[in-house]
Number of protein chains: 2
Amino acid sequence: MAGSTSRVRLVDVATAAGTSPSTASRALHGGAGVTDELAARVRQAARELGYSVNRQARSLRRGHDTAIGVVVEDFTIPYFGTIVAQVEQAAHERGFGVVITCAGSGRSEEEAVEPLLSRNVAGLVVATGTAGAPEGFLADLASSMPVVQVDAPLGSPFSDAVGIDNVAAGRRLTEHVLAHGHERVLFVGSGPAASTVELRREGYEQAMRAAGFAPLSTHLGFLPVETADRAVVALQQYLGDGTTPGITAILSGVARVTMGLVSALARLDRRDVAFAAIDDLVGADAFNPPLTVLEQDVETIGARAAQLLFARIEGWDGPPSHEQVPLRMIERGSGELAPAGRTLTAF
Amino acid sequence: MAGSTSRVRLVDVATAAGTSPSTASRALHGGAGVTDELAARVRQAARELGYSVNRQARSLRRGHDTAIGVVVEDFTIPYFGTIVAQVEQAAHERGFGVVITCAGSGRSEEEAVEPLLSRNVAGLVVATGTAGAPEGFLADLASSMPVVQVDAPLGSPFSDAVGIDNVAAGRRLTEHVLAHGHERVLFVGSGPAASTVELRREGYEQAMRAAGFAPLSTHLGFLPVETADRAVVALQQYLGDGTTPGITAILSGVARVTMGLVSALARLDRRDVAFAAIDDLVGADAFNPPLTVLEQDVETIGARAAQLLFARIEGWDGPPSHEQVPLRMIERGSGELAPAGRTLTAF
DNA sequence: CTGAAAGCGCTTACAG
DNA sequence: CTGAAAGCGCTTACAG
């Protein structure tokens, strides 16, 4: 057991083993060039004293830390939680620490990243959903350290990226409800700044136009708390007043928005409106009706991001790779409703 | 703009401002004892060069880092995501970094915490739900640095703690369904190791016994993926086979379990069984029937934990405080169902 | 194979 | 008010 007063240093271990700090360091980490016998003595002393290296000192000396940074837009969103979990796991396996920071709620990217850079992290996973301008702050960063972007709208020429094909996702979701006879379909995004969601909207518009229907979209904004209230107001506007024909299907571009829409539809008691969403939600099979979703494989996205990052950290020097992880449609019912007043026969 | 090749050091700033590192350091952080004019020159040089302090060096010199550690059981669970978000926010406001680690999935506490200790974090927020043995590893830690426990079963004599009154929560949830005429009520926990959930079960048993009914409880385990399948199996066993009278109400002790139960009840199409849970769930108002919950104010729990931790870090030396944040019952319908075949008049 | 020495970038008594 | 010097704990050329 380590004494709980003050951490034991390498010199303590060396002294206990009857050698010098230099040799002790080599015995514990350096590997080469130490007698087996002496190395064993050092390792035992380290064990007995409960030694663990002071990483600040090591990092200062080596010029980079065995830690990576993770920049996330919002920790309360399950998507990001899963990314963090995967990255932390990969880091832990390699003996790396993980320092996190939040880029949301009005903080600038510089401000968000400073706590990471000032700790000399060896690389960065950036999952903000909004970043990715090739001329931005991240590009600057990516030229001096490995950066992997997650859920980024565009592949940057300076960094690796892992995500989904957003345009195709929007198209596929749209085609799903079109196939069930819908023509007046509303797409709901979170806001113009969420560029991945905007790409999904683009896919939606492509699919609508290809089918000969007019696209119609709106935004709910970013704050989950307010989302349900806004959704009620927004939906009432589009659902029709009995005289004008309203929309018959709703598509949600992202989980946060789905949460709001699901509550709003429940409050309005409109279970007749078809509804499908990008991103799965916990309990979606218990919704009324059960929610059809186009699911992202978030675990794979997080795991691949970590793999790419550590490959770079370990020196891999290939061209930036932009990976797209396949999506999976989970049909649970809500997206398969036919438009009210119309019976489908062919499907 | 900072050059992107190599970080600028304090000595660079000092040189640019025509002074020494000592004075530059004092001008930027130390505060006292530098001419206004010189201080201004240093600050401008720092700004122009894009200087930001190397925290590893600072920490090494000062003996402790301006960073805190957060130990979490599982980042994908919204409860912990909210704790992390709150703590990160508080840390950021104080110029502290946040390094995280996961204590779940078979890692020992020592192993989980090592990456934090080896970085000399100034304090720890520990949210593992299972820890809290007064003689454990954490107690050892708490004697050498500030530790705040979140969601801990017992108040440790060595550290602050923030959470809820778990026994009272179990009692209150139980009394809710008892008030609607239920007598055969099943409590579902996650596993014997989750001691906060076990305390909730204790409250449930107290309430059942006080009402003269026999308590009946089971566990679903920890893995969210398997939970729904296990829940189906478990529920079939308790719901009765038509000849024997089954349970008429189910209580869930924690969010992960609720997710499984909600899916299982949907699959079994048993909307007649009353159901109430501790912890709110996203979309709970869209469930069928809408889910009644006893909600934890997780944001307040996280915020208070951070406040306590930083108070300790800044030197506050009061006795360990064990705070319990009030709960809120959200009645949405699922817990208010009367037992099938029995009509209530009095409520 | 081993150890004395230098140095990573910072802060802080200490002397002026 | 200012600066030269020491030292936080480690690693790594360098010399032996």
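All values derive from a computational prediction rather than experimental measurement. All chains are named by letter (A, B, ...) in the order of the sequence lines, taking the proteins before the strands, and each is independently numbered beginning at 1.
Remark: side-chain polar atoms of A:R55 are not paired, donor with acceptor, to backbone N or O of A:T66 under 3.5 angstrom. Of the possible donor and acceptor atoms, one in the side chain of B:T15 sits under 3.5 Å from a partner among the backbone N and O of B:V11. Checking side-chain atoms of A:R107 against main-chain N and O of A:C102 turns up a donor-acceptor pair under 3.5 Å. For A:H29 (side chain) and A:A24 (main-chain N/O), no donor-acceptor pair under 3.5 Å exists by modelled atom type.
Comparing D:dC10, C:dT2, C:dC10 against the side chain of A:A57 picks out D:dC10 as the nearest. Nearest to the side-chain atoms of A:R26 among the listed nucleotides C:dT11, D:dC10, C:dG3 stands C:dG3. In the set D:dT11, D:dC10, C:dT11, the nucleotide with an atom closest to the side chain of A:H29 is D:dT11.
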Using atom types as modelled, flag every donor-acceptor pair under 3.5 Å from a side chain in residues 308-321 of chain A to any protein atom, sequence neighbours excluded.
residue: A:R312; atom: NE; partner: A:D160; partner atom: OD2; Å: 2.6
residue: A:R312; atom: NH1; partner: A:G318; partner atom: O; Å: 2.7
residue: A:R312; atom: NH2; partner: A:D160; partner atom: OD1; Å: 2.8
residue: A:R312; atom: NH2; partner: A:D160; partner atom: OD2; Å: 3.4
residue: A:R312; atom: NH2; partner: A:G318; partner atom: O; Å: 3.1
residue: A:R312; atom: NH2; partner: A:P319; partner atom: O; Å: 3.2

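Summarising the geometry, the separation between CZ on B:R61 and C1' on D:dG9 is reported as 13 Å, rounded to the nearest angstrom. Between the C1' atom of C:dC10 and the CG atom of B:N120 lies a distance of 15 Å, rounded to the nearest Å. In this structure, A:D65 places its CG atom 14 Å from P of D:dC10, rounding to the nearest Å. For B:R7 and C:dG9, the CZ to C1' distance is 11 Å, given to the nearest whole Å. The distance between atom CZ of A:R9 and atom P of D:dT11, rounded to the nearest whole Å, is 14 Å. Distance, A:L10 CG to D:dT11 C1': 9 Å, rounded to whole Å. Distance, A:Q56 CD to D:dC10 C1': 11 Å, rounded to whole Å. Distance CZ (A:R58) to P (D:dC8): 19 Å, rounded to an integer number of Å.
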Inset, instruction - Give the C-alpha distance, both sets of side-chain angles, the deciding distance and a yes or no for side chain to side chain donor-acceptor pair (under 3.5 Å) between B:R41 and B:Q44. - result: CA-CA 5 Å; B:R41 227 161 62 221; B:Q44 182 176 346; over 6 Å; no
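Within the nucleic acid shown, B:S59 has no heavy atom closer than 4.0 Å to any nucleic acid atom.
Side-chain polar atoms of B:R61 and A:Q56 form no donor-acceptor pair below 3.5 angstrom. A donor-acceptor contact under 3.5 angstrom links the side chains of B:R7 and B:S52, judged on distance only.
A sub-4.0 Å separation between OP1 or OP2 of C:dT2 and a side-chain N or O of A:T35 is present. Contact annotation: A:S22 side-chain N/O to C:dT2 OP1/OP2 distance is not under 4.0 Å. A sub-4.0 Å separation between OP1 or OP2 of C:dG3 and a side-chain N or O of A:S20 is present. Between B:Y51 and the phosphate of C:dG9, there is no side-chain N or O to OP1/OP2 separation shorter than 4.0 Å. For B:R62, a side-chain nitrogen or oxygen approaches OP1 or OP2 of C:dT12 to under 4.0 Å.
Using P as the reference atom, D:dT2 and D:dA6 are 23 Å apart when rounded to the nearest Å.
Not a single donor-acceptor pair, N or O on each side, falls under 3.5 Å between the base of D:dG9 and the side chain of A:R55.
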Inset, instruction - Dot-bracket for DNA chain D, please, read 5' to 3', with Watson-Crick or G-U wobble pairs under 3.5 Å on both distances, ( ) within the strand, [ ] crossing, | other strand, . unpaired. - result: |||.||||||||.|||
